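Below are the structure tokens for one structure; questions will follow.
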Protein chains: 2
Amino acid sequence: MPTIKDIARLAGVSITTVSRALNGYPDVSEATRQKIKKIAEELNYTPNSIARGLVMKKTNTVGLVVSEIIKPGVYHPFFLEILAGIKAALRRSGYDIILFTVDHESQGKVSYERLCKERKVDGTIVQGLKLSDPYIEQIKSTDIPTVMIDIPILTEKVGYVSSDNVKGAFDAVNYLVQLGHREIGFINGHKDAAVSFERLEGYRKALEHNGIRYDDRYVVYGDYTQQSGAEAFKKLILEVPGITAVFCASDLMAVGALKAAYEIGKKVPEDISIMGFDDIELSTIITPNLTTIRQEKYKMGYKAAELLLSIIKGGKPRHEVIPHKLVIRQSTRHYLQVMREDDCCTKAVE
Amino acid sequence: MPTIKDIARLAGVSITTVSRALNGYPDVSEATRQKIKKIAEELNYTPNSIARGLVMKKTNTVGLVVSEIIKPGVYHPFFLEILAGIKAALRRSGYDIILFTVDHESQGKVSYERLCKERKVDGTIVQGLKLSDPYIEQIKSTDIPTVMIDIPILTEKVGYVSSDNVKGAFDAVNYLVQLGHREIGFINGHKDAAVSFERLEGYRKALEHNGIRYDDRYVVYGDYTQQSGAEAFKKLILEVPGITAVFCASDLMAVGALKAAYEIGKKVPEDISIMGFDDIELSTIITPNLTTIRQEKYKMGYKAAELLLSIIKGGKPRHEVIPHKLVIRQSTRHYLQVMREDDCCTKAVE
DNA sequence: TATCACTTCCAAAACGTTTTGGATCCAATT
DNA sequence: AATTGGATCCAAAACGTTTTGGAAGTGATA
């Protein structure tokens with residue numbers, strides 16, 4: 001491996017000059033610069049980023065700490081999209097990603113600070129932490145440039161990106177109301193995710209906005225997995241048989257609900273409307289296609305990386321909210337109350 | 001940030017002693033070792049891996065170069081599982097992953113060597129390259145410890161892991177034959193993947209093994225996406241209307257085929273059997289559940305990382321083959337030739 | 001007493017960069 | 001002739017480790 005020392009020797013100049021020539025400083029004549037560049041080229045010289053990192057105290061590396069996302073058997077349905085966004089934003093600034101995966105247990109063993117400082121990352125993006133994870137508290141008082149995804153922490157050095165979950169849930173439920181539904185169930189996710197609280201709030205607000213009384217019995221909890229969605233649906237339908245629509249806090253749970261509905265003989269959307277949240281790829285593959293609130297995951301990743309870069313440069317952390325979209329597909333439908341009571345009308349309306 | 005220099009000062013010893021005490025060398029008395037450890041603890045000292053990497057010429061970092069896996073709109077269906085396996089194998093040896101994403105274009109700009117050497121990774125795992133990618137040739141003559149996934153390259157420093165794709169495809173097609181099918185189509189993937197050739201070979205061998213003549217018209221090509229699977233299926237059914245089963249080189253294409261079948265009014269598995277390859281999560285979500293050849297992706301990642309570690313340590317590269325499994329679900333079914341010709345028998349058999 | 005072996009320690013070099021604070025030379029200006 | 005200013009260059013320090021090749025001290029042995 002050639003070093004600037006080799007180049008210096010070959011070119012008959014000092015290593016200072018090589019360094020400055022290669023890095024475009026003005027105090028080196030064009031002639032020697034060309035000579036040096038040529039030699040570097042011939043030697044197939046690549047600068048040693050480790051050595052550079054040591055003296056500059058900057059590694060051009062950001063950490064990506066992820067939790068609960070890659071573990072055997074449970075794979076996050078849109079982590080890759082976020083990652084793609086992050087990568088895209090990082091590309092031109094020459095940053096690389098170093099991947100840390102943590103779980104609840106490992107967080108007890110090595111602190112957030114230590115994790116980052118040991119590898120000397122310039123900043124980190126944090127994805128998939130639960131509210132009860134030890135890192136949450138540690139991050140609230142860290143001085144490492146950090147951006148959280150979907151977890152609201154805002155300090156001198158940490159910012160976050162998220163969708164407007166309150167508004168997203170509001171839009172979903174409001175849409176169901178517009179379809180004529182008034183008995184609307186809500187399958188929420190676990191209380192270890194900040195978004196669960198926000199989506200619940202959106203659900204409540206939409207009901208209130210439409211003059212529908214909120215009732216605890218209409219909301220039931222899963223853990224964002226398909227399985228849990230199915231179970232929650234069954235529980236909900238037992239508790240409140242009269243519901244005509246259910247809003248789920250994730251597409252995965254909505255798919256579970258969909259399957260549970262079929263199992264107990266309810267057709268979607270004819271008998272009951274089901275809505276999801278996220279818009280994962282599966283939503284367009286499943287039959288019927290899911291009506292859902294689309295989160296722009298790629299953009300979330302992109303904005304997260306941009307924000308991190310700006311914090312690293314000394315910018316002020318902020319909350320970046322990524323716009324969502326209501327996407328209407330096949331799993332929801334008008335609730336025609338009149339028709340129920342008066343079958344003769346059916347044809348006319350159809 | 002405290003350094004060993006600080007510790008040395010506080011403990012009244014040399015930095016040599018601090019280094020050796022912390023790294024468990026025997027030539028330091030237990031008393032001073034404890035004193036040093038205590039001070040390190042109090043200062044919340046974390047060793048600087050950059051400085052260490054510089055002198056040791058070893059970064060405890062492996063690169064993960066991925067291509068075509070994370071780009072907007074197309075996400076690899078089981079990259080995360082492989083990643084989880086890699087992570088698991090790397091955990092206890094203290095290696096971290098640095099993520100390189102490349103595409104055909106970027107490969108022209110910076111060579112494989114440069115990519116790795118600039119960041120000073122100790123080795124790399126390579127995933128998702130196409131046969132036509134520039135890196136393929138470069139990797140064949142690299143001296144960087146490398147393990148390929150699904151691409152057969154075996155040199156002094158590079159090994160690979162893969163399923164036995166020939167045998168996998170053989171098992172799939174052979175199973176279809178056992179079900180009574182003899183008119184079996186094959187939706188293969190593009191020729192930019194080594195596995196495509198192997199799976200084709202398996203398909204041919206299974207036919208031959210069962211005394212069925214191979215016919216070019218029965219095989220058609222997609223690009224491993226759902227969309228392409230649907231198109232390929234339609235093309236195939238037009239070309240050879242008589243087929244009773246089709247084997248797809250990926251689950252994603254099988255799902256596409258499934259949908260195309262429904263579109264043209266063919267029921268699966270009643271009218272036609274469809275088999276996939278991979279066993280992605282989607283296979284159990286789709287209706288009917290896909291019969292498929294399961295690849296152990298987690299294990300592939302795990303073994304890849306293990307192999308890489310061994311190559312880094314000076315071990316000899318090898319081809320690690322990961323066992324596959326035939327998993328029978330709902331998309332395949334007996335082909336009852338007799339019944340077609342003599343309807344009265346149906347009931348008896350059912 | 002001199003030698004030896006063992007334990008415990010350390011000064012200095014090395015890793016490959018960047019950066020600081022000049023030094024040297026030449027031409028132009030006083 | 002002396003001074004200034006600009007262009008071009010460089011020696012040395014610094015970054016935080018590990019490692020080499022002893023040195024110093026102690027107790028046992030010859």
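The shown structure was predicted, so the numbers you read here are calculated from the model rather than taken from an experiment.
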**Item:** Distance in angstrom units between B/L54 CG and C/dA14 P, rounded
**Value:** 14 Å
**Request:** With sequence neighbours left out, write down each residue that passes side-chain hydrogen bond (donor to acceptor under 3.5 Å, both in side chains) with B/T32, or none if nothing qualifies.
**Result:** B/S29
**Request:** Salt-bridge test for B/K157 and B/D143: reply yes if a basic N is under 4.0 Å from a carboxylate O, no otherwise.
**Result:** no
**Request:** Take the angle between the ring planes of A/H190 and A/Y224 and call it parallel below 30°, perpendicular above 60°, tilted in between.
**Result:** perpendicular
**Message:** Under 4.0 Å, heavy atom to any atom of DNA chain D: which of residues 5-17 of chain A qualify?
**Reply:** A/G12, A/V13, A/S14, A/T16, A/T17
**Request:** Could you check how far CG of B/D27 sits from C1' of D/dT18, rounded to whole Å?
**Result:** 13 Å
**Any donor-acceptor N/O pair, A/T146 side chain to A/I144 backbone, under 3.5 Å** = yes
**Asked** Do B/K297 side-chain atoms and B/Q295 backbone N/O form a donor-acceptor pair below 3.5 Å?
**Response** yes
**Asked** Would a distance-only check, ignoring hydrogens and angles, find a side-chain to backbone donor-acceptor pair under 3.5 Å from A/S163 to A/N165?
**Response** no
**Complete:** The nucleotide from C/dG16, D/dC9, D/dT20 with an atom nearest the side chain of B/K57 is C/dG16
**Prompt:** Could you give the CG-to-C1' distance, from B/N60 to D/dT18, as a whole number of Å?
**Reply:** 14 Å
**Message:** Counting only side-chain heavy atoms from C-beta out, which of D/dT19, D/dG16, C/dC9 sits nearest to B/V28?
**Reply:** C/dC9
**Item:** Most 5' of B/E30 and B/M56 on DNA chain C, judged by nearest nucleotide
**Value:** B/E30
**Request:** Describe, as an angle rounded to 10 degrees, how the axis at the first end of the helix from C/dT1-D/dA30 to C/dT30-D/dA1 is tilted relative to the axis at the last end, five pairs per end.
**Result:** 80°
**Interatomic distance, A/N23 CG vs C/dT20 P [rounded to whole Å]** = 13 Å
**Request:** Report yes or no: does B/T61 contribute a side-chain atom to a donor-acceptor pair with the main-chain N or O of B/T59 at less than 3.5 Å?
**Result:** yes
**Distance (rounded to the nearest 0.5 Å) between B/T142 OG1 and B/Y135 OH** = 11.0 Å
**Asked** Are OP1 or OP2 of D/dT19 and a side-chain N or O of B/Y25 less than 4.0 angstrom apart?
**Response** yes
**Message:** Restricting to non-hydrogen atoms, name the atom on B/D122 and the atom on B/I312 that form the minimum distance, rounded to 0.1 Å.
**Reply:** O-CG1, 3.6 Å
**Request:** Could you tell me whether A/S19 contacts a base, only the sugar-phosphate backbone, or nothing, with contacts defined as non-hydrogen atoms closer than 4.0 Å?
**Result:** base
**Request:** Kindly check if the number of other-residue, nucleotide or ligand heavy atoms within 6.0 Å of NZ (A/K87) is above 12?
**Result:** yes
**Message:** Restricting to side chain to side chain contact (heavy atoms under 4.5 Å, CB included), what partner residues turn up for B/T16, sequence neighbours left out?
**Reply:** B/S14, B/R20
**Item:** Rounded distance (Å) that lies between atom C1' of C/dT19 and atom NZ of A/K58
**Value:** 17 Å
**Asked** If every non-hydrogen atom of B/V28 is compared with every non-hydrogen atom of B/Y25, which pair is closest and at what distance?
**Response** CG1-O, 3.3 Å
**Message:** Any residue in residues 32-52 of chain B with a heavy atom nearer than 4.0 angstrom to DNA chain C? Just list them by number, or reply none.
**Reply:** B/T32
**Request:** Ignoring the backbone of A/R20, work out which of C/dT19, C/dC10, D/dT18 is nearest its side chain.
**Result:** C/dT19
**Item:** Ionic contact status for B/K130 with B/D133, cut-off 4.0 Å
**Value:** no
**Request:** Could you tell me whether A/K38 and A/E41 have a side-chain N and a carboxylate O separated by less than 4.0 Å?
**Result:** no
Detail all sub-3.5 Å separations between protein N/O atoms and N/O atoms belonging to nucleotides 24-26 of chain D.
none

